[in-house]
4 protein chains.
Amino acid sequence: MADPRIQRSPGASAGAGIRPARKLGRPPQVKAHDTRRRLLDIARGVYAERGYEAATNKEIADLAFMTTAALYYHFPSKRDLYLAVHDDARDQVYTRFEEVLDTSQSFADQFLTILMATHDLNEEDPTLAQFLAAARTDMKRRMDLQQALLERASHRDQFFERIIDAGVRSGEIAPENRALVQVFITAVIAGMTDALSDDQSIHLRAIEAVRAALAGDLVQPPKTRRKRAS
Amino acid sequence: MADPRIQRSPGASAGAGIRPARKLGRPPQVKAHDTRRRLLDIARGVYAERGYEAATNKEIADLAFMTTAALYYHFPSKRDLYLAVHDDARDQVYTRFEEVLDTSQSFADQFLTILMATHDLNEEDPTLAQFLAAARTDMKRRMDLQQALLERASHRDQFFERIIDAGVRSGEIAPENRALVQVFITAVIAGMTDALSDDQSIHLRAIEAVRAALAGDLVQPPKTRRKRAS
Amino acid sequence: MADPRIQRSPGASAGAGIRPARKLGRPPQVKAHDTRRRLLDIARGVYAERGYEAATNKEIADLAFMTTAALYYHFPSKRDLYLAVHDDARDQVYTRFEEVLDTSQSFADQFLTILMATHDLNEEDPTLAQFLAAARTDMKRRMDLQQALLERASHRDQFFERIIDAGVRSGEIAPENRALVQVFITAVIAGMTDALSDDQSIHLRAIEAVRAALAGDLVQPPKTRRKRAS
Amino acid sequence: MADPRIQRSPGASAGAGIRPARKLGRPPQVKAHDTRRRLLDIARGVYAERGYEAATNKEIADLAFMTTAALYYHFPSKRDLYLAVHDDARDQVYTRFEEVLDTSQSFADQFLTILMATHDLNEEDPTLAQFLAAARTDMKRRMDLQQALLERASHRDQFFERIIDAGVRSGEIAPENRALVQVFITAVIAGMTDALSDDQSIHLRAIEAVRAALAGDLVQPPKTRRKRAS
DNA sequence: TATGAATGAGATTTCATTCAT
DNA sequence: TATGAATGAAATCTCATTCAT
């Protein structure tokens with residue numbers, strides 16, 4: 001009763017998700033709060049696996065050992081549940097990003113640190129990346145979910161903006177390359193999340209590839225093998 | 001070649017296209033092949049916009065000014081229509097790729113040529129990229145669509161394999177970097193398709209960024225080591 | 001016991017029962033068990049009248065003053081509803097058979113008692129016989145209903161086997177006639193159910209005919225040989 | 001071309017049906033006539049197997065190597081095709097009955113001769129009995145098919161009426177047993193067609209049982225073994 | 001806080017039928 | 001005589017949501 005640990009149904013394949021410790025002041029409606037937490041985690045897995053349309057309240061409710069009617073006590077609609085899951089997932093990711101960010105590093109190292117953080121998160125709970133990848137698609141599709149996409153995009157942009165700013169200040173990024181770096185980051189993060197997050201070893205290799213690319217070591221100019229650093 | 005894309009009335013979000021009442025029986029002067037082609041194009045757009053689950057036969061049929069029953073004359077099921085659209089889209093893309101490929105170019109140039117081809121295709125018909133991006137997600141979700149995914153993946157892998165091989169032979173790609181280049185390509189193509197193909201100018205900028213990254217010019221090592229290899 | 005059969009308005013042939021608009025949500029004072037019982041009775045009538053294929057969920061739901069969706073709350077599919085009706089009907093019949101069976105009677109009397117029981121059942125609820133007659137045909141047609149047919153056949157065979165056994169023991173049935181009596185019973189029961197159960201007075205006459213046939217009094221050898229065996 | 005033999009598609013399981021030789025005067029629309037004949041035979045098999053509702057024009061057309069549209073050249077509707085099949089089947093049966101009927105026989109022998117004729121017909125083309133059994137059910141179900149049922153019933157009743165009349169005249173049937181014999185015949189014919197015609201050896205046994213029943217030999221009175229003939 | 005029993009809207013699919021060719 | 005390309009009506013089933021309990 002006092003333990004807020006999430007109970008997951010045995011069949012639920014979705015990862016448990018590391019929750020940041022919540023401070024427990026007075027325990028009003030503790031149960032409701034816990035149930036909500038459990039629903040968010042379960043729903044994330046289902047949405048990740050099936051997508052917004054194909055996910056059904058019934059499957060989520062079943063995994064939570066409830067009826068669909070009970071869902072409506074905690075969330076006023078499917079849409080609201082989805083958005084709540086989305087906000088929760090986004091918070092988890094950016095909270096982690098903030099935690100691992102070391103502003104004293106070089107731009108490239110900071111970026112790679114972030115990529116490693118996504119790797120670690122994926123290890124801890126694969127549904128996070130899966131959900132966020134799926135959400136990109138789902139949000140585009142449903143007008144009623146778009147608003148959340150916009151918030152999220154700005155969230156992300158602001159975050160990477162800071163890193164890029166630092167890179168520009170330190171001289172790593174030529175000012176005229178600012179915009180290029182930004183789309184590069186966007187493409188790489190999206191691509192890795194969407195196409196590679198299913199296989200952790202490939203995901204890791206992709207991080208290595210990005211490191212090489214940023215270092216200019218991925219490919220050499222042809223012919224006149226401009227040997228660098230000798 | 002620049003086919004006349006179906007015009008969707010702006011307000012028409014779903015199922016709005018009202019079919020003008022037509023009489024029973026065979027319509028005059030209509031050939032199945034043309035209708036099939038039209039359906040593929042229309043369906044591609046709808047699948048791209050809504051995804052497999054959310055797309056309805058009704059919307060597709062409405063846009064083609066038919067009944068849903070008529071759809072079933074041309075395709076035996078929703079799934080078959082989807083797969084037909086998929087094969088058609090894939091063929092269009094790889095046909096174009098083959099057309100523009102110049103094997104005498106350097107690896108980087110070949111890769112960039114391919115990226116430019118995606119850009120051009122996107123210009124001619126944005127639904128192609130949108131559909132293929134959406135398909136990546138949809139296929140993951142539906143077991144019954146997976147088989148087609150596998151074919152497609154191998155198709156893509158083989159294509160880029162050839163370019164990479166050429167790069168290795170020419171010395172641009174160090175043999176030990178082979179695998180890195182491959183995941184890099186996968187991530188970049190997926191990321192650009194999924195996250196950037198909605199805005200052509202940003203898409204173009206991403207191509208520029210990739211060029212810079214391959215040339216080692218996107219970022220510089222921090223601080224002092226400004227001049228590389230000279 | 002004489003359950004209040006559902007009244008179908010005479011003109012209502014199919015789908016005519018218009019459900020009075022009821023509000024959303026749970027209706028007050030309704031229990032699933034009662035609804036289920038009502039559905040079984042209504043569905044039996046509809047299946048009897050139309051057969052499995054031609055019977056529609058809509059007609060059943062209309063007669064029960066529900067939506068078709070509500071049907072699915074009680075039975076997971078049309079097939080399941082049908083089989084439930086079948087099991088229910090079979091149980092009603094054989095329960096009655098067991099009730100009226102008097103093993104101290106002669107074989108002929110036991111058989112006639114059973115026939116009278118079918119007559120009484122038909123009086124109380126004609127849909128029972130009608131359904132079971134129709135089911136014989138429907139089951140042959142649909143592979144997916146066959147399994148239930150097998151169970152039922154064995155049920156019936158076992159029941160009559162017992163009566164026949166008794167007849168053999170008492171000497172009424174010559175051991176070599178065992179198999180003949182068995183097919184005779186099958187044919188007569190099936191024939192009476194299928195062809196005569198629509199008219200109770202004819203049905204009664206058929207019972208009388210069977211009594212006469214078993215007593216050897218239905219027909220006499222032709223012409224002179226009036227006294228048999230001389 | 002000159003051979004009017006019915007071509008049956010390899011998959012068509014339905015028996016070929018013995019057609020009485022048609023006299024071929026001038027051959028106007030010979031092909032249409034043959035096609036019609038072929039369709040009747042094929043349709044009979046399909047209706048027998050699936051029943052009226054579940055049988056589709058498509059299946060019939062496929063087996064006849066045609067399109068459904070072509071069906072409509074020969075029969076104006078599904079209903080008409082069905083009724084045509086029915087009339088044809090009935091004619092085949094009663095034609096055979098007339099052929100085998102020997103009015104000099106005793107009533108019992110005439111009846112058994114008829115039963116043997118059904119057995120032979122079943123041997124030659126099982127779809128005949130299957131169709132007629134199924135038709136009994138289908139006709140009851142569809143108001144629009146009822147009319148044909150009535151005709152058929154009277155047809156049958158008249159036929160057996162004649163045999164029974166002869167039995168009454170010869171003294172085999174007591175005048176007061178007339179009605180009993182009639183329902184007995186109806187029940188037995190129906191029961192054998194519906195429940196036993198799938199297995200020829202059981203069907204034969206049923207004929208034997210009827211013979212025994214009519215002879216008063218199927219069962220003996222219990223106990224006081226009223227030994228007849230003493 | 002949750003369940004139980006429903007609704008209404010809509011999806012995919014099937015099928016008899018039509019009419020130009 | 002037949003095919004080809006459609007229609008319209010309906011059927012089964014699913015699902016988000018509701019409201020009494």
Side-chain angles (χ1 to χ4, degrees), chain A residues 29 31-32 35 53-59 61 64-74 76-79 81, chain B residues 14-15 19 21-32 34-36 53-59 61 65-74 76-79 81, chain C residues 14-15 19 21-36 53-59 61 65-79 81, chain D residues 29 31-32 35 53-59 61 64-74 76-79 81:
Chain A
Q29 300 115 312
K31 260 178 39 192
T35 304
E53 302 279 346
T56 66
N57 287 347
K58 180 104 188 7
E59 180 172 4
F65 296 111
M66 300 180 160
T67 61
T68 58
L71 240 61
Y72 281 80
Y73 182 83
H74 297 279
S77 74
K78 186 184 183 184
R79 181 176 167 280
L81 172 55
Chain B
R19 196 166 37 83
R22 210 205 281 130
K23 272 180 290 181
L24 273 183
R26 181 187 200 180
Q29 321 276 58
V30 168
K31 263 168 209 160
D34 299 346
T35 306
R36 205 187 130 90
E53 306 273 352
T56 68
N57 291 342
K58 179 113 189 4
E59 181 174 5
F65 297 110
M66 316 178 141
T67 60
T68 57
L71 268 187
Y72 281 79
Y73 180 75
H74 298 277
S77 73
K78 185 183 182 183
R79 185 175 167 280
L81 173 54
Chain C
R19 195 166 37 83
R22 209 205 282 129
K23 273 180 290 181
L24 273 181
R26 179 187 202 180
Q29 320 278 60
V30 169
K31 264 171 210 159
H33 186 268
D34 298 347
T35 306
R36 207 186 129 90
E53 305 273 351
T56 68
N57 291 342
K58 178 112 189 2
E59 181 174 3
F65 297 109
M66 320 177 138
T67 59
T68 57
L71 270 187
Y72 282 80
Y73 180 77
H74 298 277
F75 299 94
S77 74
K78 185 183 181 182
R79 185 174 167 280
L81 172 54
Chain D
Q29 302 114 310
K31 270 202 356 220
T35 304
E53 302 278 348
T56 67
N57 287 347
K58 180 104 188 4
E59 180 171 5
F65 296 113
M66 299 179 160
T67 60
T68 59
L71 240 61
Y72 281 79
Y73 181 82
H74 299 278
S77 74
K78 185 183 183 183
R79 181 176 168 281
L81 172 54

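Just so it is clear: chains get the letters A, B, ... in the order the sequence lines come, proteins before strands, and each one is counted from 1.
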Below 4.0 Å: OP1/OP2 of F/dA5 and any side-chain N or O of B/Thr35: no

Using the P atom in both, what is the distance from E/dT1 to F/dT21, to the nearest Å? 22 Å

Closest to the 5' end of DNA chain E, once B/Thr56 and C/Ala70 are matched to their nearest nucleotides, is C/Ala70

Take the protein atom OH of D/Tyr72 and the nucleotide atom C1' of E/dA20, then report the distance between them rounded to whole Å. 17 Å

Would you indicate which nucleotide in E/dT7, E/dT17, E/dT13 comes nearest to any side-chain atom of B/Ser77? E/dT13

Just call it for A/Ala61: base, sugar-phosphate, or nothing, with non-hydrogen atoms closer than 4.0 Å on any strand. nothing

Partner of F/dT21 under the Watson-Crick or G-U wobble criteria, both distances under 3.5 Å, comes out as E/dA2

Could you tell me the separation between the CD atom of D/Glu53 and the P atom of F/dT12, rounded to a whole number of Å? 11 Å

Please classify the nucleic acid contact of C/Ala54 as base, sugar-phosphate, or nothing, using heavy-atom distances under 4.0 Å. nothing

Figure out the CG/P separation between D/Asn57 and F/dT3, and round it to whole Å. 14 Å

Just how far is it from atom CZ of C/Arg36 to atom CZ of C/Phe75, taken to the nearest 0.5 Å? 4.0 Å

Would you kindly give the NZ-to-C1' distance between C/Lys78 and F/dA10, to the nearest whole Å? 12 Å

Provide, to the nearest angstrom, the distance between the CG atom belonging to B/Leu71 and the C1' atom belonging to F/dA6. 12 Å

Within the pair C/His74 and E/dG4, is there a side-chain N or O less than 4.0 Å away from OP1 or OP2? no

Between B/Lys58 (NZ) and E/dA11 (P), how many Å, whole number? 8 Å

Assign B/Thr68 to base, sugar-phosphate, or nothing according to its heavy-atom contacts below 4.0 angstrom with the strands shown. base

Between E/dC19, E/dT7, E/dA16, spot the one nearest the side chain of D/Ala69, thanks. E/dC19

